[in-house]
Asker: 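Here's a structure for you.
Naming: A, B, ... by sequence-line order, numbering from 1 per chain. Any value given below was found using the heavy atoms of this structure, including those in side chains, with hydrogens, waters and symmetry copies removed.
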Amino acid sequence: MFRTHYCGEISLKNLETEVTLAGWVHRRRDHGGLTFIDLRDREGIVQVVFNPQLSPGVHQQAHALRAEYVIQIKGKVARRPEETENKTIPTGEVEVLAQELRILNRSKTPPFLIEDDEDISEGLRLQYRYLDLRRSGVQRIFILRHRLSQSIRHFLNQNRFLELETPFLTKSTPEGARDFLVPSRLNPGHFYALPQSPQLFKQILMVSGFDRYYQVVRCFRDEDLRADRQPEFTQIDLEMSFIDIEDILSIMEKMTKAVFSEICNIQFPNPFPRMTYAEAVSRFGTDRPDTRFGLELKDLSGLAERCDFKVFRTVVSKGGSVKGLNAKGLAGLSRKEIETLTNEAIQRGAKGLAWMKVTADALEAPITKFFSVAQQDEIKTILKGEPGDLLLFVADKTQVVHDVLSTLRLSLGKRLNLIDEKIFEPLWVTDFPLLEYDEAEKRYIAIHHPFTGPMDEDLALLESDPMQVRAKAYDLVINGVELGGGSIRIHREEVQSKIFALLGIKKEEAAEKFGFLLEALQYGAPPHGGMAFGFDRMVALLSGADSIREVIPFPKTQKGICLMTDAPSDVDARQLKELRIKKERRV
RNA sequence: GGGGUCGUAGUUCAGUUGGUUAGAACGCCGGCCUGUCACGCCGGAGGUCGCGAGUUCGACUCUCGUCGGCCCCGCCA
């Protein structure tokens, strides 16, 4: 037997017993006489003592030990002498008196210390990810990740969901993102696509009658990376038959509550608050608001129309909006600091940022002269301005106003310390529009995806006023993070065809791309719907990581490179020949 | 495709208007040390300043290019 215990689990219960441990040398403290080794495995650290009087040969051997050597120790567990306990570690009351030492493997000096509080550049961490992953804080994240997926699986199993697999080598799903393509050797010139999500297959599983499906599944999208976006990521994907929105929200809410409570002892309100898309956008400027703090957006378009400030008036007359938010207590900002805010606004698409400072008896700013006293009072009332506040305004197309102010709201929320990091606030966002209009391509596109069902009461609008049609779609947002989203799908072929027509997808195109789904829908497809959670984002949220790279064992850099393996890499000419692929000459 | 930011011992960083031999801490190597736990003390090794070109008598420092990490826009749920 290689070992009898994990290092981190040795305790007073094991006193006087002989144990065998195996692990890595975390640290060596060689006093010439006594030598101490901190021995580490995934469960923690225990101190091993080499005493020349107890076992001279072993003590001599211990001299050769270095950081990250892999060793096996046989010894007796002893209570540490009075005054030498280490209260800062769980095993600090005991130590192991070494009787035998076997060096299982030596180690080169690692490029960085295997230590939690070591501040190492991310590039180096990813190049030596196996060493980075040895750090206990990093390991805790992945243990959390494991427990979370187990907890979710447990809940879904209890609720009679079936875990079923769908193919990775498949056909491109029409969800907008670029596909990763895989050439087919047996069918030269033809390509599989890696799935962006199992969307179509899970719907087909519903047609097959599996009724409740889930999968913890890798998804692939060949788009640019961000802190919260990787080319491959994990989704908790699920689908149910014979349900309506309320059913699915209710069971997903139960799951979220059960899992967050079990894994992190986070308790959620019952039921979760809800907000329509329209309300979220109007109050926060985004469909995934962080509701942990205020600084809500207020509409001043009505007033702007009447004032003498040309910038405001013109924007409104052209159909745009003027909205503002109250940066509480920031009237003291210098011109330069306001300029920084302005630049932030401009970067996000605004043409400028208007501001006013609230003083004891007036509003102060270069632009206040364009507003009558009554109008100034109105502004103060709408934005609840009190002396010491800074009022910020953006005038532009409504979408730009929302983009800019929601960004500003978040950065001000952080700056003003309005966000309590210990709080978790869930929110259902509902009543999404079904479609948006793509100005560049001059056509409608599906906001969620083209299989999302329209609200029954809006069906008539599909022909008269498509933009007003709401979808049976919903998102779960926690602390401004979009954790998951889903919809009730279209289960009748006539409706699906109508939607395709609206989206400008021709019959032949639809048949070629996902004819199999349209066909399946004609063979008794039950009403169904589902949801998908961004599992990596969920782990990041629960572990406080600010990037999902922290919660993925082997993530890729922003350029999509794996620094450890150097993928993607060149391939043999022979491989390409077999696939009948020719490379263009490098430019 | 675009904007921003960073790149100096193994690591994290400092480096004065462009000036002689590029520093610190930790780590590493050697020695001493029987109760340390970020052990201590003494000594030592370790650098193509990301790479390339340019300006200059002289470049870690200035300019241009390039490569790479990160953040963001576009893109993508």
Side-chain angles (χ1 to χ4, degrees), chain A residues 26-40 45-54 59 63 66-68 78 80-89 91-92 95 97 108-128 131 175-179 196-197 199 219-231 233 235 286-288 343-344 346-349 403-404 407 411 429 432 438 440 445-449 452 473 475-477 481-487 531-534 536-537 546-547 549 556-559 561 563 566:
Chain A
H26 186 66
R27 213 173 279 270
R28 178 181 63 125
R29 291 179 295 280
D30 187 345
H31 289 225
L34 277 183
T35 295
F36 301 95
I37 294 287
D38 290 337
L39 191 62
R40 187 191 69 237
I45 279 174
V46 70
Q47 173 165 280
V48 180
V49 185
F50 295 85
N51 188 324
Q53 274 156 9
L54 293 179
H59 173 261
H63 192 68
R66 291 293 181 275
E68 301 309 312
R80 291 199 189 184
E82 201 100 1
E83 303 295 310
T84 66
E85 295 101 345
N86 184 351
K87 296 277 192 305
T88 60
I89 61 170
T91 60
E95 59 193 7
L97 309 176
K108 286 167 72 172
T109 301
F112 50 83
L113 285 173
I114 312 299
E115 197 63 68
D116 272 348
D117 43 15
E118 253 345 73
D119 185 18
I120 317 149
S121 82
E122 198 180 334
L124 194 72
R125 289 177 57 197
L126 293 184
Q127 187 188 343
Y128 294 96
L131 297 179
E175 276 193 79
R178 286 187 193 88
D179 287 315
Q196 295 174 30
S197 94
Q199 182 61 35
C219 302
F220 306 86
R221 288 179 191 163
D222 188 8
E223 294 293 345
D224 285 9
L225 287 73
R226 289 282 194 286
D228 60 351
R229 273 158 42 187
Q230 282 275 302
F233 59 97
Q235 228 171 249
T286 171
D287 58 1
R288 49 178 178 91
N343 285 337
E344 206 174 316
I346 287 171
Q347 262 176 7
R348 207 67 182 78
D403 281 354
V404 172
T407 307
S411 69
V429 179
F432 280 80
D438 187 322
I445 51 178
I447 286 194
H448 190 58
H449 55 57
T452 301
D475 275 3
L476 179 60
V477 175
V481 178
E482 185 206 314
L483 268 200
S487 63
M531 186 146 176
F533 289 86
D536 310 291
R537 287 181 184 176
D546 44 18
S547 153
R549 290 188 301 276
K556 296 183 175 54
T557 68
Q558 200 164 44
K559 284 222 163 71
I561 288 166
L563 292 177
D566 258 337

Asker: Under 3.5 Å, is there any donor-acceptor pair linking the side chain of Arg226(A) to the base of G74(B)?
Answerer: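 Per atom types, the contact qualifies.
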Asker: Step by step, would you call Arg221(A) with Asp179(A) a side chain to side chain contact (heavy atoms under 4.5 Å, CB included)?
Answerer: CA-CA 6 Å; Arg221(A) 288 179 191 163; Asp179(A) 287 315; over 6 Å; no
Asker: Determine, answering yes or no, if His31(A) is stacked on C39(B) under the 5.5 Å centre rule and the 30° plane rule.
Answerer: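 Ring-base stacking flag set for His31(A) and C39(B).
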Asker: Less than 4.0 angstrom between a side-chain N/O of Arg178(A) and OP1 or OP2 of C76(B), yes or no?
Answerer: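 For Arg178(A), the contact criterion (side-chain N or O under 4.0 Å from OP1 or OP2 of C76(B)) is not met.
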Asker: Could you state the CG-C1' distance from Leu34(A) to U36(B), rounded to the nearest angstrom?
Answerer: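 From Leu34(A) CG to U36(B) C1': 8 Å.
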Asker: If you measure from the P atom in U66(B) to the same atom in G1(B), how many Å do you get, rounded?
Answerer: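 That atom pair is separated by 12 Å.
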Asker: Under a 3.5 Å threshold, yes or no: a donor from one side chain and an acceptor from the other, between His59(A) and Asn51(A)?
Answerer: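 Checked: His59(A)/Asn51(A) side chains show no N/O donor-acceptor pair below 3.5 Å.
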Asker: For U21(B) and C60(B), measure between their C1' atoms and round to the nearest Å.
Answerer: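 It comes out at 15 Å once rounded to the nearest Å.
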Asker: Please state whether the base of U34(B) and the side chain of Gln53(A) form at least one donor-acceptor pair under 3.5 Å?
Answerer: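 A donor-acceptor contact between them is present.
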Asker: Could you measure between the two P atoms, the one in C70(B) and the one in U12(B), and give it in whole Å?
Answerer: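 Between the two P atoms, the distance is 14 Å.
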Asker: When the distance from CD1 of Ile120(A) to P of G10(B) is rounded to whole Å, what number comes out?
Answerer: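 In whole Å, G10(B) P and Ile120(A) CD1 are 16 Å from each other.
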Asker: Rounding to a whole Å, what distance do you find between Leu97(A):CG and U34(B):P?
Answerer: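 That distance rounds to 18 Å.
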Asker: Considering only atom C1', compute the distance from U48(B) to U8(B) and round it to an integer number of Å.
Answerer: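 Between the two C1' atoms, the distance is 12 Å.
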Asker: Between Arg288(A) and Asp475(A), does at least one N-O distance fall below 4.0 Å, as a salt bridge requires?
Answerer: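 So Arg288(A) does not pair with Asp475(A) through a salt bridge.
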Asker: For C39(B) and G35(B), measure between their C1' atoms and round to the nearest Å.
Answerer: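 After rounding to an integer number of Å, I get 10 Å for this pair.
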Asker: Verify the contact: side-chain N or O of Thr84(A) to OP1 or OP2 of U36(B), cut-off strictly under 4.0 Å; return yes or no.
Answerer: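 For U36(B), neither OP1 nor OP2 has a side-chain N or O of Thr84(A) closer than 4.0 Å.
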Asker: Is it the case that the ring center of His63(A) lies less than 6.0 angstrom away from the ring center of Phe50(A)?
Answerer: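 No, the ring of Phe50(A) stays outside the 6.0 Å limit from the ring of His63(A), centre to centre.
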Asker: Do the side chain of Arg229(A) and the base of C76(B) come within less than 3.5 angstrom through a donor-acceptor pair of N or O atoms?
Answerer: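 Indeed there is one.
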Asker: Please measure how far the C1' atom in U36(B) lies from the corresponding atom in A24(B), and state the result in whole Å.
Answerer: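 Here U36(B) and A24(B) have their C1' atoms 27 Å from each other.
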Asker: Between G58(B) and G19(B), how far is it from one C1' atom to the other, in whole Å?
Answerer: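 Their C1' atoms lie roughly 7 Å apart.
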Asker: Could you walk me through whether Glu68(A) and Arg27(A) satisfy the salt bridge (charged side-chain N to carboxylate O under 4.0 Å, His left out) test, starting with their C-alpha distance in whole Å, then the side-chain angles of each, then the deciding distance to 0.1 Å, before giving a yes or no?
Answerer: CA-CA 8 Å; Glu68(A) 301 309 312; Arg27(A) 213 173 279 270; over 6 Å; no
Asker: Between G7(B) and G50(B), how many Å separate the two C1' atoms, rounded to a whole number?
Answerer: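 After rounding to an integer number of Å, I get 6 Å for this pair.
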Asker: Which is more 5' along RNA chain B, the nucleotide nearest Gln558(A) or the one nearest Gln347(A)? Just name the residue.
Answerer: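 Whichever sits nearer the 5' end wins; that is Gln347(A).
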Asker: Using a 5.5 Å cut-off between ring centres and planes within 30 degrees, is Phe36(A) stacked on the base of U36(B)?
Answerer: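 Stack criterion met.
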